[in-house]
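Residue numbers begin at 1 in each chain, while the letters A, B, ... track the order of the sequences.
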Amino acid sequence: MTAARQVAALLALRWQMLRSPRRRLAVAVAAVAGVAVVVLAASQAATLSAALPAVGPDALPLLLLVFVVVVLVGGVASGGGTEIVPSSHLVAFPVSAAAVFTASVVVSPLNFAWVMLVLGLVWVVAAAAPPDPLLAGGLLAGYVLVATVLALAASWWIVAVRATRRGRRATAALGLLLAGVGVAMALGGSLDEAVGASPLASVDTVLTQPTGVGVASLVATLALAVAVAVPLGARGTRAALARRDIAALPEGRALPRRNLPGRELWAVLAIDRAGVRRSAPIRRGLVLMVAGPGVAALVGGATWADLVIVPPLVAVGAALLFGINVMSLDGGGGLWLESTPRDVDMALLAKAWVTGEVVLLAVVATLLVVTVRLGPPPSASVAAAVGASGLVGVCLAVAVALRRSLRAPFKADLRSLRDAPAPPGAMLATALRLSLVAVVPAVLFGVAVRLPGVGVTAMVTALLLLATGGHLWRTRRLWRDPALRSSVVAKISLG
Amino acid sequence: MAAAVEVADLVVVFGAVRAVDGVSLTAGPGGATALLGSNGAGKSTTLRVLAGVLPPTAGSVRVAGVDVVDDPYRAKRALGYCPDVGGLIPRATGWEHLQLAARLHRLPDGWQQRATDLLARFDLTAAADRVTAGYSHGMGRRLSVVLAAFHEPPVLLLDEPFDGVDPLGVAATLDLIAESRACGAAVLVSTHLLPLAVRACPDVVVLTSGRVVARIPAGDLHGTDGERRYAELLSTPAGEDVVA
């Protein structure tokens, strides 16, 4: 009960930290909108499944597995799970490990991947037209809760084991082995068969064709699983929190001295690059950003023409690593830097540049993985569409992220794996916003690639680059306002 | 002699709060002024405006004869600023901070010797190549002071330079202030530590609730009597006549 009370207190604190009534209203509206989207996905499932047969009811067992894997990998990548309030702000308070674990479960819905997968599950279960939709919905909610608790309990234990050098190597090797086996089974066509023979198939049956006995046994299994997972997760969290995060930069170690470039822009850029390179959560996020779409491309049956939508999505995903709050790279140094005679435009250009480099790296790496699977693009027009989609995706992601950085700056340490560039709610809102932005080039290039020649691709590219340029220009004007700059610097430096 | 720092009728408003409410002060070359006052008196806000970090709501602020609002670039070339909190880029090393400062202030080659000397004086040589996120609070304060004074600016703004700093660091900071003054720099020091303020600065300005309530020689605040007088000044309602 203490854990529940502490989590309630942390949630209340987070709510109080939303100072303006407008923000509180926005959060309330977002919560209602989220429920509305779930209901809409359920009610329109049949229509949607007709349009996209690949994610029909047959995909349910695999989707149930993917949900667990994504929550587990996301938990490990974020050092256990997301926090309601950063632990660095709570050092003076006796927050228990059980509360930290419970908080990571409670905050899970504020994760973009979690939301999308739950929507997918709702859609697929509804598309199977279960006889009692309300019962099916309740059972699915139970599965989602238990799968989240189990996956996060496992992720906290993995984080605890990874805090030792030997454990780090062992878990990395095991992870690579499992990923390799999964990819090999998917390529060999035996993954669906294996999932069909697993207990997930029974969950699928109960969700879509519930019987009295089936429902009772599923409910009992889920209740037992959660009863075991909660104390286990709390113990794993305690073990993880008690050990030093060796993935973080060893801050007591002297780094090799190197000369910064002579020109001011390159010197500032070198410092910003170091800020990215030396941040454990950014490094880890970048690896996952490339690995996720890469694995999907390897195991999926998509063609180059289908993959033209991928670069903008990867680009906005990479921008979420730090680009949406890129000024926070300066941390407390923002106040000092603002007092130095640096060119205002140069400071913004350096931040745009470093964001662009990371986003470009993610897009290029993903396309290279795709090339391994599919070989080179089949025609010049497809290659042009993919290249243009990548270029526009990178520019768009940088432009939108830069604007967010000025409009919604946060103090973010980006030091431990549990650090994120923004609070969980703001991360989700920004991820949704960026996804909507990425849909525009994805759809336009998706159409252009199916048309003969490169004329439409060129036109779409020119139009989107022009729009992006305008967006960047307006962001520059915003940054040149001393009052706004001062407010950004104060927020990233002082919180 | 022209003032190196001129603040006239400065007002800074944050929403409904008047953080600085009509502050005026001057500091000449070679002089040092301590800004004293209780929490929230407006000391740090005043220094932030002088450093060009925060735009004023009203009033004028000139540094080395340059208006901070009209020509912030030239003003910032003439000043060195140690902020009250943080002030360091978390994943850059101490040496990288000094290199960046040298680039941004366009220091001629040879700055390395001064950087090395300052690091040694502030006992930071061993930590120079570590990222500042791993520094203790006192080490961070010391490096912030070094960065402010590194390019030998004609105006040195130090906000809480003694906060959490060990006695050797305090002595090094006091020496640096004296040296800067000897070189003709105007120094403004904001601090809560009265004994150090009166050791570092011959002049004192006391603020309460965003207003100046006293401009007095530091000698008037020495010893136990000085402490008593300072306590009386802190309880002076803003708006009463300025004690001079």
Side-chain angles (χ1 to χ4, degrees), chain A residues 248-268 270-280 282 328-344 346-347 411-415 481-487 489-490 492-495, chain B residues 14 44 47-57 68-69 72-106 109 112 126-135 140 143-144 147-148 151 157 159:
Chain A
L249 184 72
E251 289 164 349
R253 197 187 70 193
L255 300 175
R257 196 171 279 192
R258 69 210 169 104
N259 272 329
L260 289 184
R263 294 189 65 168
E264 288 171 39
L265 172 64
W266 302 121
V268 172
I271 294 287
D272 285 339
R273 281 181 184 141
V276 171
R277 205 174 50 246
R278 293 170 185 167
S279 164
I282 297 178
S328 71
L329 288 178
D330 292 338
L335 280 175
W336 169 66
L337 281 169
E338 189 57 18
S339 76
T340 60
R342 62 174 181 165
D343 183 70
V344 173
M346 182 202 68
K411 187 177 192 297
D413 289 341
L414 296 175
R415 194 171 172 184
D481 173 10
L484 178 121
R485 218 166 49 243
S486 150
S487 136
V489 167
I492 58 145
S493 302
L494 310 170
Chain B
F14 298 118
S44 293
L47 286 189
R48 276 183 204 159
V49 175
L50 275 163
V53 173
L54 180 68
T57 307
V68 172
V69 175
Y73 184 80
R74 267 185 63 214
K76 287 173 182 181
R77 287 189 72 86
L79 64 87
Y81 172 54
C82 159
D84 58 333
V85 180
L88 302 175
I89 303 164
R91 287 179 294 280
T93 66
W95 185 255
E96 285 167 350
H97 276 83
L98 287 160
Q99 282 193 81
L100 184 62
R103 300 285 185 267
L104 294 175
H105 284 284
R106 300 185 181 176
D109 214 19
Q112 293 87 344
D129 295 311
R130 283 165 45 191
V131 293
T132 60
Y135 281 19
L143 182 61
S144 276
L147 284 171
H151 55 288
L157 309 170
D159 198 351

Self-check item: Most chain A-contacting option - heavy-atom pairs closer than 4.5 Å, from B/Gly86, B/Pro83, B/Gly87, B/Ala51
Solution: B/Gly87
Practice problem: Calculate, to the nearest 0.5 Å, the distance between atoms CD1 and CZ belonging to A/Ile271 and B/Arg103 respectively. | Solution: 10.0 Å
Exercise. Can you tell which part of B/Leu100 gets under 4.5 Å to a heavy atom of chain A, answering side chain, backbone, both or neither?
Key: both
Exercise. Please round to the nearest 0.5 Å and tell me the distance separating atom CG of A/Asn259 and atom CH2 of B/Trp95.
Key: 9.0 Å
Practice problem: Find the distance between OG1 (A/Thr340) and CG (B/Leu104) and round it off to the nearest 0.5 Å. | Solution: 4.5 Å
Quiz item: At a heavy-atom separation under 4.5 Å, does A/Leu335 approach chain B through its side chain, its backbone, both, or neither?
Solution: both
Self-check item: Side chain / backbone / both / neither for A/Val268 at chain B, heavy atoms under 4.5 Å
Solution: both
Quiz item: Which heavy-atom pair separates A/Trp336 from B/Tyr81 by the least distance, and what is that distance?
Solution: CD1-O, 3.7 Å
Quiz prompt | Max heavy-atom pair count under 4.5 Å with chain A, selected residue of B/Asp129, B/Leu54, B/Leu147, B/Thr132 | solution = B/Asp129
Practice problem: Flag yes if more than 12 heavy atoms outside B/Arg74 fall under 6.0 Å of its CZ atom; otherwise flag no. | Solution: no
Practice problem: Check whether A/Pro261 gets within reach of chain B through its side chain, its backbone, both or neither, counting any heavy atom under 4.5 Å. | Solution: backbone
Exercise. Name the option with the most non-hydrogen atom pairs under 4.5 Å to chain B; the candidates are A/Leu329, A/Val344, A/Asp343.
Key: A/Leu329
Quiz item: Of all of B/Leu50, B/Val69, B/Thr93, B/Leu88, which one pairs up most often with chain A through heavy atoms under 4.5 Å apart?
Solution: B/Leu88
Quiz item: In Å, rounded to the nearest 0.5 Å, how long is the span from CZ of B/Arg48 to CD of A/Glu338?
Solution: 12.0 Å
Quiz item: Between A/Arg278 and B/Ala92, what is the shortest heavy-atom contact and its length?
Solution: NH1-CA, 3.8 Å
Exercise. Sort out for me which of A/Pro341, A/Pro482, A/Ser486 touches chain B most, counting heavy-atom pairs under 4.5 Å.
Key: A/Pro341
Exercise. Mind checking the OG-CG spacing from A/Ser339 to B/Leu47? Nearest 0.5 Å is all I need.
Key: 11.0 Å
Quiz item: At a heavy-atom separation under 4.5 Å, does A/Leu414 approach chain B through its side chain, its backbone, both, or neither?
Solution: both
Practice problem: Please flag which part of B/Ala101 lies under 4.5 Å from any non-hydrogen atom of chain A: side chain, backbone, both or neither. | Solution: both
Quiz item: Measuring from B/His105:NE2 to A/Glu264:CD, what's the distance to the nearest 0.5 Å?
Solution: 10.0 Å
Practice problem: Answer whether the closest heavy-atom distance between the side chains of A/Leu255 and B/Glu96 falls below 4.5 Å. | Solution: no
Practice problem: Return the option, out of A/Gly275, A/Ala490, A/Ser487, with the maximum number of heavy-atom pairs under 4.5 Å with chain B. | Solution: A/Gly275
Quiz item: Who among A/Gly333, A/Gly334, A/Ala274 has the most heavy-atom pairs with chain B under 4.5 Å?
Solution: A/Gly333
Self-check item: Contact check, side chains of B/Lys76 and A/Arg342, non-hydrogen atoms, under 4.5 Å
Solution: no
Practice problem: Could you look at B/His151 and say if it's the side chain, the backbone, both or neither that has a heavy atom under 4.5 Å from chain A? | Solution: neither
Practice problem: Against chain B, work out which of A/Leu494, A/Val489, A/Val276 has the most heavy-atom pairs shorter than 4.5 Å and name it. | Solution: A/Leu494
Quiz item: For chain B, which of A/Gly332, A/Gly331, A/Ala267 has the most heavy-atom pairs under 4.5 Å?
Solution: A/Gly332
Quiz prompt | Heavy atoms of other groups near A/Arg263 CZ, more than 12 under 6.0 Å | solution = no
Quiz item: Which region of A/Arg277, side chain (C-beta onward) or backbone (N, CA, C, O), has a non-hydrogen atom less than 4.5 Å from a non-hydrogen atom of chain B, or is it both or neither?
Solution: neither
